[in-house]
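So the structure is just underneath, and the comments pick up after that.
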Amino acid sequence: QVQLVESGGGLVQAGGSLTLSCAASGRTSPNYAMGWFRQAPGKEREFVAAIAGNGGSTYYEDSVKGRVTISRENTKNTVSLRMNSLKPEDTAVYYCALPRRWGSKSTGDFGSWGQGTQVTVSS
């Protein structure tokens with residue numbers, strides 16, 4: 001089994017930046033693709049970004065494209081999510097997960113979910 005742990009969340013002023021990290025342990029491989037989702041209170045879980053196992057290919061949700069960058073550090077089995085120009089509507093619990101189908105933005109095509117890290121953006 002692969003275990004994912006998110007970190008880096010916190011309280012940020014609107015317009016600020018934040019970097020989240022997803023650390024993988026257990027039966028991991030540098031070839032594993034990784035993805036980020038978020039879920040705000042009262043809303044469905046929403047796709048944010050994904051990165052291929054080689055770190056070269058990525059895709060993003062249109063609503064965050066240009067403000068978000070996903071990257072990989074294979075040596076530490078870590079994937080990061082850099083978020084700029086944060087807005088109050090970015091407030092959510094952010095999760096990382098493993099995609100079962102490359103290119104999907106559906107929660108049903110991801111697994112091995114972490115416990116999440118809280119991001120709160122104040123106005």
Side-chain angles (χ1 to χ4, degrees):
Q1 294 182 348
V2 177
Q3 297 174 332
L4 305 180
V5 179
E6 302 91 340
S7 63
L11 177 63
V12 187
Q13 273 275 344
S17 299
L18 197 65
T19 299
L20 308 181
S21 295
C22 176
S25 62
R27 300 184 184 274
T28 61
S29 169
N31 293 325
Y32 288 164
M34 301 283 284
W36 282 95
F37 285 74
R38 65 186 182 183
Q39 188 166 22
K43 300 183 65 177
E44 296 182 354
R45 193 165 297 184
E46 175 189 35
F47 174 81
V48 179
I51 187 168
N54 63 9
S57 297
T58 61
Y59 61 96
Y60 298 87
E61 183 65 27
D62 289 341
S63 62
V64 302
K65 192 177 299 183
R67 299 193 297 121
V68 170
T69 301
I70 188 170
S71 60
R72 177 185 295 274
E73 184 177 356
N74 287 329
T75 302
K76 298 179 65 176
N77 293 320
T78 300
V79 171
S80 297
L81 186 74
R82 175 70 174 178
M83 300 185 291
N84 300 317
S85 302
L86 285 165
K87 308 172 182 178
E89 51 262 45
D90 294 320
T91 296
V93 178
Y94 284 72
Y95 301 88
C96 58
L98 304 182
R100 301 185 180 98
R101 184 172 67 87
W102 180 250
S104 175
K105 299 181 179 181
S106 173
T107 58
D109 289 324
F110 289 73
S112 299
W113 298 90
Q115 295 300 304
T117 185
Q118 176 71 49
V119 173
T120 303
V121 183
S122 61
S123 59

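Counting from 1, the numbers follow the sequence of the chain as shown.
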Item to check | Considering all heavy atoms, the nearest V2-A24 contact | outcome: CG1-CB, 4.4 Å
Checklist outcome for this item: Smallest heavy-atom separation, P88 atom then A14 atom, equals CD-CB, 4.2 Å
Item to check | Same cluster (ILVMFWY, side-chain, under 4.5 Å), V93 and W113 | outcome: yes
Checklist entry - Out of curiosity, N84 CG to T19 OG1, how far, rounded to the nearest 0.5 Å? => result 7.5 Å
Next on the checklist: Strictly distance-based, threshold 3.5 Å: is any side-chain N or O of R100 a donor or acceptor partner for the main-chain N or O of F110?
Outcome noted: yes
Checklist entry - Would you say the side-chain atoms of Q115 pair up with the backbone N or O of V5, donor to acceptor, closer than 3.5 Å? => result no
Checklist outcome for this item: When rounded to the nearest 0.5 Å, the distance separating SG of C96 from CD1 of I70 is 9.5 Å
Item to check | T91 side-chain N/O to V121 backbone N/O, donor-acceptor pair under 3.5 Å | outcome: yes
Checklist entry - Listed by chain and number, what are the side chain to side chain donor-acceptor pair (under 3.5 Å) partners of Y94, not counting sequence neighbours? => result R38
Next on the checklist: Looking at G116, is its backbone amide N or carbonyl O close enough to the side chain of E6 to form a donor-acceptor pair, meaning the two atoms are under 3.5 Å apart?
Outcome noted: yes
Item to check | Nearest-0.5 Å distance, OG of residue S123 to CD of residue E89 | outcome: 10.0 Å
Checklist entry - Is the number of heavy atoms from other residues, nucleotides or ligands within 6.0 Å of CD (Q13) greater than 12? => result yes
Checklist entry - How long is the gap from CG on L98 to SG on C22, to the nearest 0.5 Å? => result 7.5 Å
Checklist entry - Stepwise, does the side chain to side chain contact (heavy atoms under 4.5 Å, CB included) test hold for M83 with W36? => result CA-CA 12 Å; M83 300 185 291; W36 282 95; over 6 Å; no
Next on the checklist: side chain to side chain contact (heavy atoms under 4.5 Å, CB included) for Q1 and S112? Distances and angles first, verdict last.
Outcome noted: CA-CA 8 Å; Q1 294 182 348; S112 299; over 6 Å; no
Next on the checklist: Let's go through S122 and L11 carefully: what are the C-alpha distance in whole Å and the side-chain angles of both, what is the deciding distance for side chain to side chain contact (heavy atoms under 4.5 Å, CB included) to 0.1 Å, and is it a yes or a no?
Outcome noted: CA-CA 7 Å; S122 61; L11 177 63; 4.2 Å; yes
Item to check | Distance in Å, T117 OG1 paired with L81 CG, rounded so as to fall on 0.5 Å steps | outcome: 11.0 Å
Next on the checklist: Any carboxylate oxygen within less than 4.0 angstrom of a Lys/Arg side-chain nitrogen, looking at K65 and D62?
Outcome noted: yes
Item to check | Gap between atom CD of E44 and atom CZ of F37 - 0.5 Å precision | outcome: 12.0 Å
Checklist entry - If Ile, Leu, Val, Met, Phe, Trp and Tyr residues are connected whenever their side-chain heavy atoms lie under 4.5 Å apart, and connections chain through other members, are Y95 and L20 in the same group? => result no
Checklist entry - Looking only at atom types and distance, does a side-chain atom of R72 sit under 3.5 Å from a main-chain N or O of A52, one as donor and one as acceptor? => result yes
Checklist entry - Any salt bridge (charged side-chain N to carboxylate O under 4.0 Å, His left out) pairs touching residues 107-118, not counting sequence neighbours? => result R101-D109
Next on the checklist: Quick check: is Y59 connected to V79 through a chain of hydrophobic side chains (ILVMFWY, heavy atoms under 4.5 Å apart)?
Outcome noted: no
Item to check | Criterion side chain to side chain contact (heavy atoms under 4.5 Å, CB included) on Y60 and T69, from CA distance to verdict | outcome: CA-CA 9 Å; Y60 298 87; T69 301; 4.1 Å; yes
Checklist entry - Are F47 and V64 connected in the hydrophobic side-chain network, where two residues link if heavy atoms are under 4.5 Å apart? => result no
